[in-house]
Amino acid sequence: MSQEANPAPRSLAEALRARDDASLAALLRSRPDLITPVPTDLTQLATRAGTRASVLRALERLDRFALQTAEALAVAPDPASGTALLGLMAGDAGDETVAAALPRALATLREQALVWGDDERLRLVRTARELLAPSPGHPSPTGLGPTVHEATSGMSPGRIQEIVTTAGLASTHDSVSAVTALTSLFTHRKKMAKLLSGAPEGSLEVLSRLVWGPPYGQVTPEPAAHLRWLLDRGLLLPTAPGTVVLPREVALHLRAGRAHREPEPLPPAVEPAATHRPQGVDAAAAGQAHTALATVEELLKDWDEGGPAVLRAGGLSVRDLKRTAVALDAPEPVAAFWVELAYAAGLLASDGEADERYAATPFYDEWLERPPAERWALLAGAWLTATRAPGLVGGRDAKDRTLSALGPGLDRSAAPEVRHRVLTLLAGLPAGAAPTPESILTRLHWERPLRGTAGTPRPGRDTPAEDLRTRLARWALTEAELLGVTGRGALSTQGRALLGAPGPEASDGPGPGGPGPGGRAGASGMPGGGEPGGPGDKLPVHHHRAPASAPALAAAPSAPASLVPLSPAEQAVATATAARLLAPLLPEPLDHVLLQADLTAVAPGPLERPLAEMLGVLADVESKGGATVYRFTPGSVRRALDAGRTAADLHDFLARHSRTPIPQPLAYLIDDVARKHGHLRIGAASAYVRCDDDALLTEILADKRATALRLRRLAPTVLAAQSDPAALLEGLRAMGFAPAAESAEGDVLITRAHAHRTPPRTAPEPVPDGPPPPDGTLLSAAIRAIRAGDLAATAPRKPTGTDPAAGELPRTSAAETLATVQAAVLTGDSLWIGYVNAEGAASQRVIAPIRVEGGFVTAYDHTADEVRTYPLHRITGVAELAEE
């Protein structure tokens with residue numbers, strides 16, 4: 001009786017039709033390609049869910065065990081019973097762990113619309129079966145070969161009868177029954193054991209080499225006796241001259257019924273390598289966060305007056321990257337990371353000039369004015385969501401071109417998801433626990449075994465081959481440490497906040513690999529997809545009732561929730577929380593330095609911004625670390641004078657900010673450079689030099705080093721030059737003079753730092769991994785439209801003499817249309833109408849007429865889910881819906 005009330009679906013469309021709205025929403029959320037564009041009805045949705053591209057994308061989002069379950073269904077009979085599937089997964093002896101995890105995997109496949117049907121008639125979507133089933137050109141991941149029926153399809157009837165007879169079976173009157181009898185023998189455990197017990201020495205060894213795949217082997221025209229024994233009994237079947245295959249049924253017997261050698265029902269645990277005090281982790285991460293801010297500032301300060309040139313193909317040249325690495329005192333891969341991070345945060349870009357160069361953006365000045373914790377949070381948020389992968393810099397693209405920093409070809413759509421997942425796994429460990437990188441990589445590979453193969457290095461030319469997802473995870477661990485998201489390898493408190501996770505005190509303290517600390521639950525576990533992830537991942541719930549005859553596939557208990565990527569609004573809140581948690585851990589900026597007699601100044605910690613900026617102009621950084629050492633030189637003092645400062649300003653500045661008296665050598669240096677500064681004036685003539693001291697000009701003319709400047713005296717106090725003002729300025733400075741540039745009006749030109757900025761630029765947009773996941777509003781509207789379109793397409797009509805053929809729009813006369821619509825207004829019934837709009841496009845709709853007047857019918861349109869008015873002359877026909 002239950003079967004009559006809930007008949008088994010005959011197609012995927014019927015299975016989708018039986019789902020509730022929450023289940024449909026889960027499907028569309030985990031497979032967003034199905035909603036782009038919105039299907040007209042559930043039949044179109046089912047068709048789209050069965051296309052090759054969509055199925056491949058869905059398979060890529062499965063975890064290892066769900067994929068193994070799909071692979072087992074691909075080699076099982078179609079349809080397969082739940083008992084048969086359990087046997088393929090757990091084997092003849094049974095495996096309680098596999099049996100307990102199978103309902104979860106099956107629920108995932110059902111939610112992803114890869115499997116449909118009840119537990120006694122499980123059907124894998126045809127495209128998925130074609131992708132996963134074994135074939136000569138495409139071996140199955142299970143290592144199984146074709147069935148006896150498939151392997152004997154081209155064999156002569158006489159040969160089939162010989163095999164049946166030699167195997168100890170009675171001969172049959174046709175090949176079909178003979179193959180059936182042979183299949184029954186191979187699937188009968190006791191009869192097969194008896195048959196193999198009489199195998200000659202060496203036969204079982206041959207079978208053992210083929211049993212786990214590949215199932216194909218080579219034989220000579222005159223095989224040995226132990227091979228002939230196998231061939232005569234159909235334990236090996238020929239597929240081509242010199243090639244034999246182990247039938248699937250024989251392999252399953254030798255495997256004790258298992259489709260996989262090692263089923264992996266549970267995700268590998270994330271193993272901690274060391275455990276530190278949480279306070280120590282936060283302090284280490286905060287120290288690295290401070291270093292990250294200082295590094296980004298140093299990078300952009302170095303590029304303030306115009307950075308490296310942009311390559312014709314885009315990006316930094318290898319030489320410029322090396323120079324940047326030297327300036328930052330970092331390896332080139334690390335320098336590439338800082339450059340890419342600043343670019344992702346919108347702090348640097350190309351200036352767009354004819355001689356295009358990289359420079360800081362106007363947003364950089366705004367960023368500098370923010371508190372340090374907020375500046376860090378902006379960098380960390382940009383890193384978490386960026387699709388560019390700095391680790392690819394220096395590699396080769398598909399056309400064997402070098403990938404350059406800031407250049408094209410570095411976007412990898414999987415990067416944000418991998419970074420987020422790595423941090424989520426770290427959040428699942430106890431506070432202060434640092435995992436082993438290999439356990440993280442093993443867990444990620446279990447969660448997405450089919451993802452990340454694009455961009456694999458070429459053996460023999462690049463590094464040892466690792467799939468892209470593994471390399472992204474390695475880079476994520478390194479970059480998180482550089483940025484201060486982690487400290488000593490463990491996730492910091494601000495790192496947890498960045499994910500939107502509460503602190504570890506809010507958790508029950510799961511063990512390694514267990515659920516993360518609280519957080520938001522994803523509708524389908526892993527970010528952006530529907531694959532389950534074992535402990536720590538929320539599993540999809542399928543609203544499908546299993547019959548009482550299949551207790552083995554009863555619903556599995558729900559797993560703990562896992563963190564999923566936040567929406568932009570939620571990410572903004574999480575970023576602000578991370579900044580608030582980091583702020584107390586950052587060192588307070590100092591307002592003083594220690595001047596020393598060797599023309600150096602020591603900053604015992606981070607300096608206040610005005611002090612650091614002025615000191616950066618007045619002195620050169622000699623060494624960095626816990627204390628920064630600045631050195632005063634004639635060139636650095638002249639730089640401060642060029643910026644508009646006077647000697648008195650510099651003395652006053654140093655007196656106010658030094659905890660030690662100004663050393664006499666430093667005072668003499670400032671006064672000596674200031675006395676010479678501006679004594680010479682340079683302008684455009686091409687260029688000229690003017691000075692009140694004609695003896696000084698005579699000295700310049702007599703100097704052989706001035707020959708290249710091609711100077712000549714125009715007046716006792718004026719020299720003209722063939723060089724441009726900038727070259728003349730640098731040339732005289734190289735000769736030991738201290739000239740100052742002047743404007744056309746004769747005023748001294750003040751050279752200020754931070755002068756060059758790009759036009760306003762926005763941060764680069766991440767490259768999405770396929771269509772973006774739909775939000776709740778879009779999902780609700782899409783489901784209403786699909787339901788309404790499905791109602792219009794499937795609503796039963798009353799049979800009439802003019803009832804159209806199936807699939808055609810109704811056709812009635814104007815009088816019949818008017819009479820039927822008027823009757824529906826009185827009775828409140830719904831009608832199926834054919835309608836042609838003003839553009840001539842025909843459609844079918846289900847409407848509930850409300851009133852008819854003036855040649856128009858006002859009705860509630862079930863298809864559009866709103867009240868509309870239709871001209872009667874555009875209605876091609878009406879049909880009454882059958883009573884349910």
Side-chain angles (χ1 to χ4, degrees), residues 59-71 89 95 97-98 100-101 104-105 108 141-143 212 260-275 389 391 412 414-430 433-457 463-481 485-486 488-491 495 499 510-516 525-539 559-560 562-563:
L59 291 175
E60 287 180 348
R61 295 179 180 274
L62 296 179
D63 66 39
R64 170 68 70 185
F65 189 64
L67 183 62
Q68 287 182 331
T69 304
E71 292 166 354
M89 297 300 296
D95 187 322
T97 304
V98 171
R104 169 185 61 77
T108 299
T142 62
W212 292 109
H260 298 87
R261 174 178 285 186
E262 295 180 0
E264 300 180 53
L266 298 178
V270 178
E271 301 172 357
T275 302
R412 296 295 182 270
E417 184 262 325
V418 172
R419 292 191 196 107
H420 190 281
R421 188 56 187 159
V422 166
L423 297 185
T424 301
L425 292 176
L426 294 181
L429 294 172
T436 60
E438 294 306 319
S439 67
I440 291 284
L441 301 179
T442 302
R443 174 64 175 264
L444 289 177
H445 186 65
W446 184 91
E447 290 177 345
R448 292 279 182 91
L450 293 184
R451 290 298 296 267
T453 56
T456 303
T463 56
E466 275 188 337
D467 63 80
L468 177 63
R469 189 174 173 82
T470 298
R471 290 187 289 154
L472 288 173
R474 289 191 187 276
W475 297 333
L477 289 170
T478 302
E479 293 164 1
E481 192 74 15
V485 176
T486 60
R488 300 182 182 179
L491 189 65
L499 292 175
M526 283 289 296
E531 75 279 22
D537 294 323
K538 185 174 181 179
L539 306 176
S562 171
L563 298 173

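Starting from 1, each residue takes its place in the sequence as its number. Hydrogens, waters and symmetry mates are skipped; everything else that's a heavy atom, side chains included, is used.
- Scanning both residues, Arg412 and Leu468, for their nearest heavy atoms gives CD-CD2, 3.6 Å.
- For the pair Arg64 and Glu71, the salt-bridge criterion is not met [side-chain N within less than 4.0 Å of a carboxylate O].
- Between Glu447 and Arg61 there is no salt bridge, since none of the side-chain N atoms of the basic residue sits less than 4.0 Å from a carboxylate O of the acidic one.
- One finds the OG1 atom of Thr486 at 11.0 Å from the CD atom of Glu479 (value rounded to the nearest 0.5 Å).
- In this structure Thr478 satisfies the side chain to side chain donor-acceptor pair (under 3.5 Å) test with no other residue, sequence neighbours excluded.
- Ile440 CD1 to Leu425 CG: the interatomic distance, rounded to the nearest 0.5 Å, is 4.5 Å.
- Annotation for Leu426 and Leu477: closest pair CD1-CD2, 4.4 Å, computed over non-hydrogen atoms.
- When all heavy atoms of Ala269 and Ser439 are compared, the pair lying nearest together is O-CB, 3.9 Å.
- Residues Leu429 and Pro435 meet the side-chain proximity criterion, which asks for heavy atoms closer than 4.5 Å.
- Asp63 pairs in a side chain to side chain donor-acceptor pair (under 3.5 Å) with only one of the listed residues (Arg104, Arg448, Gln68, His445), which is Arg104.
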Val422/Leu444 under side-chain contact (heavy atoms from CB on, under 4.5 Å): CA gap, chis, key distance, verdict: CA-CA 8 Å; Val422 166; Leu444 289 177; 3.8 Å; yes
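- Of all heavy-atom pairs between Ala105 and Phe65, the closest is CB-CD2, 3.6 Å.
- Pairing each heavy atom of Leu423 with each of Leu491, the nearest pair is O-CD2, 3.8 Å.
- Heavy atoms only, all atoms of each residue included: Ala389 and Trp475 are closest at CB-CZ3, 4.2 Å.
- In terms of modelled atom types and a separation under 3.5 Å, the side chain of Thr142 and the main chain of His260 share no donor-acceptor contact.
- Listed for the Glu481 side chain is a donor-acceptor partner under 3.5 Å among the backbone atoms of Arg488.
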